[in-house]
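To start, the structure under review is shown below, and the notes come after it.
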2 protein chains.
Amino acid sequence: MEHEGARAPDGASVAKPEGLRERKRRETREATRRAAIALGLEHGWDAVTVEMICDAAGISPRTFYNYFPSREAAVLGEGKPMPNESQVAAFVAARGVSDVEAFAVMMAEVWTAAEPDRELFRQRRTLLDATPELAAANMMRITEARAQYAGIVRQRLDATRPSLGDADAEIEAAMAVSIAMGALQVMARGWLAGDGEAPLASLIHDYFPRVRRLTQAPSA
Amino acid sequence: MEHEGARAPDGASVAKPEGLRERKRRETREATRRAAIALGLEHGWDAVTVEMICDAAGISPRTFYNYFPSREAAVLGEGKPMPNESQVAAFVAARGVSDVEAFAVMMAEVWTAAEPDRELFRQRRTLLDATPELAAANMMRITEARAQYAGIVRQRLDATRPSLGDADAEIEAAMAVSIAMGALQVMARGWLAGDGEAPLASLIHDYFPRVRRLTQAPSA
DNA sequence: TGCATATTTGCAGAGTGTGCAACGAACTGT
DNA sequence: ACAGTTCGTTGCACACTCTGCAAATATGCA
């Protein structure tokens with residue numbers, strides 16, 4: 001399910017025949033997503049109705065709800081963004097950076113990878129940033145996945161600080177997730193303000209000294 | 001408008017006649033809020049309809065929307081929670097704690113003060129914690145007020161670190177707000193798990209060493 | 001070609017939220 | 001106490017989101 005083109009020597013490779021059905025479905029979904037984002041940027045998200053999106057995408061309103069569970073999902077994407085195994089492994093093994101920073105970098109990579117089209121990624125982020133309603137819906141998605149994220153952070157904590165008690169590890173994992181998400185919100189805004197050349201992940205390293213300073217009690 | 005009972009020597013004091021109209025309005029609002037929270041805890045928030053709340057509160061559905069702009073607002077309270085002047089002054093002047101920690105303490109106090117009824121505060125927090133939809137709506141409220149919160153943090157930064165450039169201060173203020181809100185989310189959950197004796201603000205000081213550790217790069 | 005399966009669509013219905021106008025209760029001065 | 005003003009309540013119509021169901025349509029496969 002994850003292979004792409006798999007050009008094996010034998011012409012009839014194993015994966016991705018990509019039947020007509022699947023292709024049309026993917027295209028329809030993509031067209032709908034783009035229509036939703038474009039209309040949102042043009043008219044403001046709360047002025048965009050499902051009917052408008054459907055007219056632009058060439059589907060009926062009822063079909064829209066076969067693809068997306070809500071109007072917001074057309075912009076946000078419906079699945080919760082989850083790191084794959086190698087991303088988790090890199091996060092757990094990362095040294096020389098704080099737990100929060102490492103987690104933020106991983107999530108930035110997950111987001112970036114989930115939307116290969118840079119321009120669309122940027123547009124979506126802009127819309128999301130300008131629309132509290134969408135930001136809230138996005139938060140909801142993340143809140144629902146919070147326990148799973150915390151589980152990933154625990155893997156790192158168990159590896160780097162095995163002396164930590166069970167209850168403490170639980171709390172610190174949840175804390176790291178919440179703090180990283182908060183910081184990412186601001187960093188994403190900073191990324192939007194930039195020219196879009198620097199990848200989000202590198203911005204994070206630039207921003208993090210500030211995070212350290214803001215959480216540090218002055219010694220004086 | 002802000003005075004309470006003001007028993008001046010002369011019987012006819014200046015403030016708060018509290019006419020019958022105002023009293024009934026306050027009572028109706030309170031009854032509706034309590035009905036919404038109780039029903040949410042009993043049936044789960046998404047099973048609660050406006051009609052149910054209205055039946056319990058003894059008002060018509062149309063009247064509900066005269067009090068609250070949305071179903072969620074009945075639980076969350078409609079105004080954005082804002083610190084008063086003395087709270088801001090204390091925050092700006094607080095020494096020996098990090099910016100994020102000081103801001104978190106201030107917000108905890110604002111929340112606590114906004115809901116004098118401890119039991120109701122706890123119930124609302126429980127419901128909010130169990131319902132991603134409500135947590136998201138709450139986030140939305142805060143997101144809308146984010147710029148104002150950042151302005152308050154800037155007052156502190158300008159006082160404690162005047163060498164900071166304008167753009168940097170802007171960014172760090174926004175960052176402090178986001179991080180504090182993230183951390184508060186977890187702390188509030190910890191407070192819920194406790195017996196409710198310790199005030200939220202004191203819990204924050206207990207939790208903060210963890211925040212410092214999680215954002216600190218290991219020296220090794 | 002013809003059958004099995006997946007997708008699209010319309011329709012009815014529940015629920016949220018808003019503007020408008022009528023109705024009723026509370027405040028005002030006399 | 002009374003008439004007039006003001007404010008809160010309610011019902012009604014309407015737009016919009018979202019769901020279940022069943023009919024119509026398109027695709028996949030032998």
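The chains referred to below are lettered A, B, ... by the order of the sequence lines, with proteins before strands, and numbering in each begins at 1.
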Donor/acceptor link under 3.5 angstrom from B/Arg71 side chain onto base of C/dT16:
no
Spacing of B/Phe64 atom CZ relative to C/dG15 atom P, expressed in whole Å
15 Å
Whole-Å distance between D/dT9 P and B/Arg29 CZ?
11 Å
With a non-hydrogen cut-off below 4.0 angstrom, is B/Tyr67 in contact with a base, only sugar-phosphate, or nothing?
sugar-phosphate
B/Phe68 CZ to C/dG17 P, in whole Å, measures 12 Å
Geometric cation-pi criterion A/Arg29 and A/Phe68, 6.0 Å radius, 45° cone
yes
Taking the side chain of A/Ser70 as heavy atoms from C-beta outward, which of C/dT18, D/dT9, D/dC18 is closest to it?
D/dC18
Calculate the interatomic distance between B/Glu133 atom CD and C/dG15 atom C1'; express it in whole Å.
12 Å
Is B/Tyr65 close enough to C/dG17 that one of its side-chain N or O atoms is under 4.0 Å from OP1 or OP2 there?
yes
Nearest to side-chain heavy atoms of A/Arg21, which nucleotide of D/dT10, C/dG17, C/dT7
C/dT7
Is the base of D/dT9 touched by the side chain of B/Arg25 through a donor-acceptor pair closer than 3.5 angstrom?
no
Report yes or no: is the cationic atom of A/Arg25 (NZ for Lys, CZ for Arg) under 6.0 Å from the centre of the six-membered ring of A/Tyr67, at an angle within 45° of the ring normal?
yes
5'-most by nearest nucleotide on DNA chain D - B/Gly58 or A/Thr49
B/Gly58
Using whole Å, what does the distance between atom P of nucleotide D/dT17 and atom CG of A/Leu134 come to?
13 Å
Within the 3.5 Å criterion, strictly below it, is a donor on B/Arg146 or B/Ser178 matched to an acceptor on the partner's side chain?
yes
Side-chain N or O of A/Lys24 versus OP1/OP2 of D/dT27: is the shortest distance under 4.0 Å?
yes
Write out a two-atom table: protein N or O, nucleotide N or O from nucleotides 10-13 of chain C, distance below 3.5 Å.
from, atom 1, to, atom 2, distance (Å)
C/dG10, O6, A/Arg62, NE, 3.4

Provide, to the nearest angstrom, the distance between the CD atom belonging to A/Glu22 and the P atom belonging to C/dT8.
13 Å
In a check of salt bridge (Lys or Arg N to Asp or Glu O under 4.0 Å) between B/Asp117 and each of B/Arg33, B/Arg34, B/Arg122, which one passes?
B/Arg34
Carboxylate-amine/guanidinium proximity below 4.0 Å for B/Glu115 and B/Arg125:
no
Atom CG of A/Asn66 to atom C1' of D/dT25: distance rounded to whole Å?
14 Å
Flag, side chain of B/Arg156 to backbone of B/Phe91, donor-acceptor distance under 3.5 Å:
yes
Given atom CD1 of A/Ile59 and atom C1' of D/dA26, what is their separation to the nearest angstrom?
16 Å
Approximate separation, where rounding is to 0.5 Å, of B/Leu127 CG and B/Leu41 CG:
5.0 Å
